[in-house]
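The block underneath contains the structure these notes are about, expressed in structure tokens.
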Amino acid sequence: MDPLVLGIESTCDETGVALVRGLDLLGEAVASSMEEHARFGGIIPEVASRAHLEEMIPTIEAALGSACMDLRDVDAIAVASGPGLVGSLTVGVAAAKALALALDRPLYGVNHVVGHVAVDELVHGPFPERFLALVVSGGHSSLLMVDDIATGVRELGQTLDDAAGEAFDKVGRLLGLPYPGGPHVDRLARGGDPTAIAFPRGLTAPKDFAKYPYDFSFSGLKTAVARWIEACVDDGREVPAADVAASFAAAVADVLVTKTLRACDDHGVDTVVIGGGFSANSQLRELAASRCEAAGITVRIPPIRYCTDNGAMIAALGSAAVRRGVPPSDLGIGVDSAMPLGVPVA
Amino acid sequence: MGVATLALDTSSAISVAVVDGDVVLARDSVFAPRGHAELLAPMIRDVLARAGVGLLGDVGGAGIGGAGIGSIVVGTGPAPFTGLRVGLVTARTLALAWGVPVRGVCSLDALGAAHGAAHEGAVTVVADARRREVYWARYEGGERVEGPAVSLPSDVPAGAGAVVGRGAALYPEVFGEAPPESAWHPDPAWLARIAARRLGRERLATGGLVMGEPATGGGDLGVDPLYLRRPDVHGTPPS
Ligand SMILES: [Zn+2]
């Protein structure tokens, strides 16, 4: 029987704990402090850190309860030790170390972003030998080449400025929508014409594509949206919010999918896994599905609840590390707020 | 060996002790303001080993308590937030895993009680709160009579008596000659002693407390952090 791995996630505003054996998710619990942040229009690190401390023990107990298990059943502890907010990461890493110490079990400090990919194995079954992963959220937009989820992850490209989800939050603000803007812009966009406004596609001109084949840039797009809205207001015209949202979302999805398909072609890969909170975006899901099908590429996207931050993604990556025989982390590991993506296990 | 207590404090230095009654079986301490996440867990492992409390590979229902640690005591601050949380979440999680009670004591009380045991008269305990402020509390005969509070060093009420704590050493222009280094950081062994004393008092008052009942919320021995400051919602958070 595969070892039972308890995974802890606390990189941002979600406290997540889950139990995974092999590729089976046996129990999980998640608590979020997003409601406390919403009124500030952004994540307040100290508010998130305080919430992690209060939620950690109840969340561990709830995850064990949902699996009908006891801490004595746990064979290994995995924790997201980066990247993320230092104060938030610190609470999860300290709790994980205490469990490893108290239970005398191995500790695995794992990469949160790689966890967003690893969780798909719990949903859609074993990964193929090689695949590409696109991880998009409010904090990250990265294209990864994966030869082995626990030992062989290489970053091909990432955003040079804003993350995709971050650009959505900013455009949401421009359109007067509540924070976090992602889901609101998405909803509004569904009622608009995605071809109404030709917004720029960052780093896709031939010269940029040659220099930054797998990188993204969304700040120019965000500025273009702001200018377009300003011009509209200056002319005394009403802002067609749904068309702006739809055209903006189309530009983001287009760039993400175009670059991902280009990477598949360049690396001879026929499977793409998309993860991260922003993969809940409907235009991205639809465009990825249709263009990948046309190109003969299999696309795997976990259900939305496993795209946002949760403990299952960390337990999944920990489980993969244990099964591959990756050496455990030292009890003296720290948190790494800017952990490089080529490191699945610290 | 009887049932020992693991005591830890991360409000100033990172400090760990294992005590059995009044006897300190092992202890360690290091001052490393950014090192809590890295250093605390290995220090606990080493101090437990030196105290002769082996880590049990297979933790039974009775927890490690059967062979050694029967309770945990943790300093609840006040302190810079990130380091303080490392101590609190570690203590709470160890207690959950071992199935033993965890009790909290205001970290400044350790310095107040230690001074009270050796000296007559009142003492003010002053700790670094960063941002040019200090945490402080006043003690008479080892018992807290005022605070804990946070303020500018110059706003700490200038009572009679000694001043201890690392905060006093940081602002000699306000507090005068620095206290000896031995009176800078809370000693977790003193936290354990204070917790035992308060627990005894509670037992007397309630006619006996059920052992193994984790004191996780409220009350004198609760493990809620003493932040004393609201989160900073504008600039970057302290610590
Ligand atoms: Zn994430």
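Residue numbers start from 1 in every chain, and the chains themselves are labelled A, B, ... in the order their sequence lines are given, proteins ahead of strands. Reckoned from all heavy atoms, side chains included, excluding hydrogens, waters and symmetry mates.
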Side chain, backbone, both or neither: which part of [X] has an atom under 4.5 Å from a heavy atom of chain B?
X       : value
A/Leu71 : side chain
A/Glu61 : side chain
A/Ile60 : side chain

Salt bridge (Lys or Arg N to Asp or Glu O under 4.0 Å) against A/Glu55, all qualifying residues, sequence neighbours excluded: none

Interatomic distance, [X] atom [atom1] to [Y] atom [atom2] [nearest 0.5 angstrom]:
X        : Y       : atom1 : atom2 : result
A/Leu101 : B/Leu48 : CG    : CG    : 6.5 Å
A/Ile8   : B/Thr93 : CD1   : OG1   : 7.0 Å
A/Leu331 : B/Asp46 : CG    : CG    : 9.0 Å

Which atom pair, heavy atoms only, marks the closest approach of [X] to [Y]?
X       : Y        : answer
A/Gly87 : B/Thr82  : CA-OG1, 4.4 Å
A/Arg50 : B/Arg229 : NH2-O, 2.7 Å
B/Arg92 : A/Leu53  : NH1-O, 3.3 Å

Would you call B/Arg230 and A/Glu46 a side-chain contact if the rule is heavy atoms closer than 4.5 Å? no

With heavy-atom distances below 4.5 Å as the criterion, would you say the side chains of B/His36 and A/Thr90 are in contact? no

At a heavy-atom distance under 4.5 Å, which candidate from B/Ala41, B/Ala95, B/Ala91 has the highest pair count against chain A? B/Ala41

Has A/Lys97 got a side-chain atom pairing as donor or acceptor with B/Ala37's backbone, closer than 3.5 angstrom?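 Yes: the side chain of A/Lys97 pairs with the backbone of B/Ala37.
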
If I measure from the heavy atoms of chain A, does B/Leu94 come under 4.5 Å with its side chain, its backbone, both, or neither? both

